[in-house]
Amino acid sequence: MDLPLISIGTYMPNAPRDALQTFRDEELLADVIAGLISNARHVAIGASSPIPAAAALLARQRGRGRPYVSLLGSRRQNFFTDGGRELFDCAGQGRIDVFFLSGGQIDGEGNINLVGIGDYARPAVRFPGSFGSSYLYYVVPKVILFRLEHSPRTLVEKVDFVSAPGTSADNVYRPGGPVALVTSRCLFAFDRGNRCFELASVHPGHTVAEVVENTGFDFDHATQVPVTRSPSAETLRILRSIVAPQLVEVYPQFAAQVFGVRAVA
Amino acid sequence: MDLPLISIGTYMPNAPRDALQTFRDEELLADVIAGLISNARHVAIGASSPIPAAAALLARQRGRGRPYVSLLGSRRQNFFTDGGRELFDCAGQGRIDVFFLSGGQIDGEGNINLVGIGDYARPAVRFPGSFGSSYLYYVVPKVILFRLEHSPRTLVEKVDFVSAPGTSADNVYRPGGPVALVTSRCLFAFDRGNRCFELASVHPGHTVAEVVENTGFDFDHATQVPVTRSPSAETLRILRSIVAPQLVEVYPQFAAQVFGVRAVA
Amino acid sequence: MIARTLEEALAPITDGCVLAVPREASGVAMAATRALIRRGVSGLHLIALPTSSLQADLLIGAGCVEAIETSAVSLGEFGPAPRFTAAVTSGAIRVKDATCPALHAAFQAAEKGVPFMPLRGLLGSDVLAHRKDWKVIGNPFDDDDPIVLLPAIRPDVALFHAPLADREGNIWIGRDRELATMAHAATKTVVTVEKLHDGSLFDDHLLAAGALGGLYVEAIALVPNGAWPLALADHYGADAAHLGEYARMAASADGFAAYLDRHVYAQRAA
Amino acid sequence: MIARTLEEALAPITDGCVLAVPREASGVAMAATRALIRRGVSGLHLIALPTSSLQADLLIGAGCVEAIETSAVSLGEFGPAPRFTAAVTSGAIRVKDATCPALHAAFQAAEKGVPFMPLRGLLGSDVLAHRKDWKVIGNPFDDDDPIVLLPAIRPDVALFHAPLADREGNIWIGRDRELATMAHAATKTVVTVEKLHDGSLFDDHLLAAGALGGLYVEAIALVPNGAWPLALADHYGADAAHLGEYARMAASADGFAAYLDRHVYAQRAA
């Protein structure tokens with residue numbers, strides 16, 4: 001359900017992207033997200049989400065089979081047999097602990113917009129639509145917002161259209177909501193009580209000043225913001241040798257570009 | 001969903017039950033019910049209803065494939081694949097035109113009781129339960145009540161418990177309801193406007209006086225009540241040579257006793 | 001996931017729990033039912049989706065049931081359910097009388113994570129009159145159109161018997177989709193199966209079409225002939241002679257006790 | 001039941017009718033969609049269960065659609081749906097924005113013959129704010145618990161593509177159960193299939209588990225490769241090269257017109 005990935009170029013096996021880094025951005029992001037998933041029981045991944053998928057499979061490998069991972073679009077890594085509704089019914093039953101959402105716009109209160117920019121009746125820009133967000137954002141305990149493009153265009157002060165709100169009034173049934181926002185530059189944690197994001201860490205090669213400059217909403221941050229921990233050698237081994245082959249069925253292009261892994265016919 | 005059949009003894013192929021009758025009661029009843037079904041699009045038959053099943057299959061043969069017949073309990077003559085709910089969903093969609101109900105008690109206003117006699121909390125007699133009657137009686141346009149035992153014990157002035165009422169207030173969603181009551185003695189037609197039964201015909205070998213004596217509720221009847229038309233030779237041929245073999249899967253005992261037809265292993 | 005013994009698989013079914021069981025046609029875990037009686041489970045709140053036959057009659061007769069919600073309990077061709085009938089007339093159990101589509105809808109409400117489902121029919125019936133837990137509202141989309149709302153049914157445990165399971169915990173249920181709804185609605189699901197399938201049911205798209213995902217399944221026990229003496233559709237028929245014997249023996253309390261001794265406590269075919 | 005031609009099977013889909021179509025993963029009748037465009041169908045009220053991709057974009061671009069109710073229209077990996085986007089920003093079509101589970105629930109309401117279904121979520125969203133046909137009530141089973149009610153969706157016609165049909169009109173849909181719900185909810189259902197099955201699907205209990213009964217089916221047309229250029233799950237994959245070509249051409253009105261000439265009006269692969 002993410003919008004198209006930023007271009008990631010071709011992959012030279014084990015070649016550092018630059019002198020300081022021996023891993024790819026996608027690997028860092030998968031590691032960060034796997035940490036957020038930690039020991040959930042069941043993680044479901046929507047369509048067009050290769051990095052969250054890699055993260056969930058990494059978490060499953062670390063947890064020796066837990067969490068249970070449902071990859072939508074897969075027939076092998078997806079046990080749903082009650083049609084398209086089962087994902088939502090399963091979430092409504094409280095059986096999906098982690099899901100991923102994105103947005104054409106995301107604002108500082110965690111509101112997401114998947115519909116459009118400008119007047120609803122005659123929008124200047126039209127996005128595909130809200131998909132399941134207007135429901136899943138409420139009922140899945142840990143919703144991880146994932147938006148690679150980190151710019152004032154995507155991270156705005158106030159969304160033009162609320163596909164789903166970041167928080168709700170006390171009398172609204174809401175066991176779920178956002179816990180974090182992962183971008184190409186940093187990791188934000190969401191504070192439901194104060195209805196705002198806090199800068200948790202900045203990815204290697206990026207700065208707080210750069211994040212502030214490219215973010216359209218205000219957010220809290222400590223004076224010293226940690227750098228996002230780089231993936232360990234063991235994490236990179238799991239991603240490249242175990243996770244990548246599992247991604248080929250649903251994300252052949254991604255598996256090839258990022259990990260140099262291709263489907264065996 | 002009928003209560004156990006009255007005993008019907010063993011069958012001697014083509015032997016008349018008595019000097020006046022060259023057919024069996026079950027054949028007459030199936031013919032009567034087939035006439036009530038006429039050219040419906042879809043007839044569904046609940047459990048333990050061999051005579052209605054025979055009637056529906058007779059109607060289908062006469063209609064060259066119409067009505068569509070769903071025999072619950074059959075895997076071959078039953079297209080339901082959405083579990084036990086599909087029968088009720090299908091009826092709710094208006095796709096079941098005819099269904100059969102019965103009752104431990106049936107009263108003169110068409111109310112049926114499948115629960116018990118006496119105080120609900122501590123009944124003197126307990127019947128199995130309402131099954132789907134509290135829903136199907138409302139939504140199936142032509143519900144045919146079928147109760148072989150015609151006595152003051154079964155056909156009462158007022159039921160002790162209303163599993164489903166014969167008629168409803170004007171503001172109640174009610175496309176369906178009873179159209180007739182078939183017993184071992186006669187055929188009653190139900191008048192929804194006047195909320196009462198009218199004696200339509202008396203089966204061969206029975207009399208109006210006998211019907212009045214054995215019926216616990218008041219009903220209308222003309223001065224001259226017709227005798228139920230006996231099944232034609234063609235009808236008997238269809239029942240014995242075409243319908244009977246189709247009944248073996250679900251009603252082996254009935255097919256054997258009534259038609260002398262047994263399953264071929 | 002695959003329990004070592006039937007008894008181990010049945011551990012989630014504790015005294016006083018709300019236990020959902022399917023209709024006779026959909027796969028009834030009879031061997032498991034006999035094991036529960038041997039264990040002496042008590043105070044069950046039994047919910048039949050939407051009816052029951054021998055299973056409810058046995059559990060009620062053996063004193064395992066405090067209350068039952070059902071659309072009917074009957075032995076079908078073999079007549080009324082004698083222990084159910086005796087328990088109701090003697091006031092030994094509480095009955096929450098329902099109607100089939102109401103039970104289907106209430107399980108679907110739990111499946112969908114909503115607090116209630118609407119249902120047509122019922123208005124003016126004594127079924128509705130005796131269900132203080134059901135509500136009637138005016139349909140907000142129309143004028144003067146009363147409609148019944150049924151609260152969701154979320155059982156503690158669902159128990160049924162199926163033809164096949166794989167080692168990932170996936171179950172093949174075929175056409176009997178209400179078994180999936182039961183499992184989706186219940187907190188935990190326990191399944192007995194005829195046999196274990198090698199590999200994953202999801203490797204064959206024909207089998208996958210009739211599968212229930214293992215995520216919903218708490219425990220599985222391998223119990224060949226586990227529906228006996230009832231039928232398992234498309235696999236084996238009912239044991240008519242045995243059911244006839246049951247109907248005769250269970251007609252009296254003494255006869256029922258003798259049946260339990262012979263067919264349950266003696267562990268034959270369990 | 002089995003139509004002689006695709007065009008004959010599509011007769012129930014008349015100008016201005018409410019047409020339900022499935023998501024890309026569940027079997028989209030693309031050959032039928034091209035045939036409808038060639039016939040010049042107009043004024044369709046398209047309802048996607050719950051999303052659409054190339055099918056909606058083609059119908060919208062070709063001017064066949066007056067309004068669409070959907071949770072999203074997107075070409076997925078191939079980017080935004082260009083004709084949908086252009087039609088919305090120019091005001092050429094009306095969009096009723098929904099969310100996936102709301103569409104599933106509204107179809108299930110029609111399937112169950114109830115006027116509405118409740119759904120959690122939605123409160124405080126602009127999706128709800130723009131749906132005057134949806135209502136919010138207080139949950140009658142709890143205090144101060146607002147919940148959304150969705151009116152039932154009863155389409156005039158449901159249209160999809162499936163792997164198999166038999167001559168009794170039964171369709172094999174496998175795991176894609178929402179196709180059954182679509183057919184149950186719709187007044188009429190038209191299906192295109194890859195091939196015809198000899199005998200009845202109900203003669204094989206493995207096949208029966210994935211079947212939709214013929215009672216619900218108005219017309220069937222045999223159209224091998226009928227989902228092309230989209231995938232038919234477990235049967236063939238999407239034609240990525242063609243979808244890429246579509247995304248490029250449909251980016252402009254002229255390019256889209258050229259696409260229609262080449263791939264729709266020319267009847268190639270239709």
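Not measured: the values here are computed from a predicted model. Numbered from 1 within each chain, the chains take letters A, B, ... in sequence-line order.
Across A209(C) and W172(D), no two heavy atoms sit closer than the pair CB-CZ2, 3.9 Å. Across every non-hydrogen atom of R120(D) and V114(C), the tightest pair is N-CG1, 4.4 Å. Closest heavy-atom contact between D133(C) and F141(D): O-CE2, 3.3 Å.
Distance check: K112(C) NZ to M117(D) CE gives 5.5 Å after rounding to the nearest 0.5 Å. Taking CZ of F202(D) as the start and CZ of R175(C) as the end, the distance is 5.0 Å to the nearest 0.5 Å.
Of the two parts of I147(D), only the side chain, counted from C-beta on, holds a non-hydrogen atom closer than 4.5 Å to a non-hydrogen atom of chain C. Only the backbone of L150(D) has a heavy atom closer than 4.5 Å to any heavy atom of chain C. The contact between L119(C) and chain D is made entirely by backbone atoms, counting heavy-atom distances below 4.5 Å. If you measure heavy-atom distances from L149(C) to chain D, the contacts under 4.5 Å come from both the backbone and the side chain. With a 4.5 Å cut-off on non-hydrogen atoms, D176(C) does not touch chain D at all. Contacts of K135(C) with chain D are made by both backbone and side-chain atoms, with heavy-atom separations under 4.5 Å.
Put simply, of G210(D), A233(D), P151(D), the one with the most heavy-atom pairs under 4.5 Å next to chain C is P151(D). Contacts with chain C were tallied for P101(D), G174(D), P115(D); P115(D) has the most, counting heavy-atom pairs under 4.5 Å. Among G113(C), A109(C), A105(C), P140(C), the residue making the largest number of heavy-atom pairs under 4.5 Å with chain D is P140(C).
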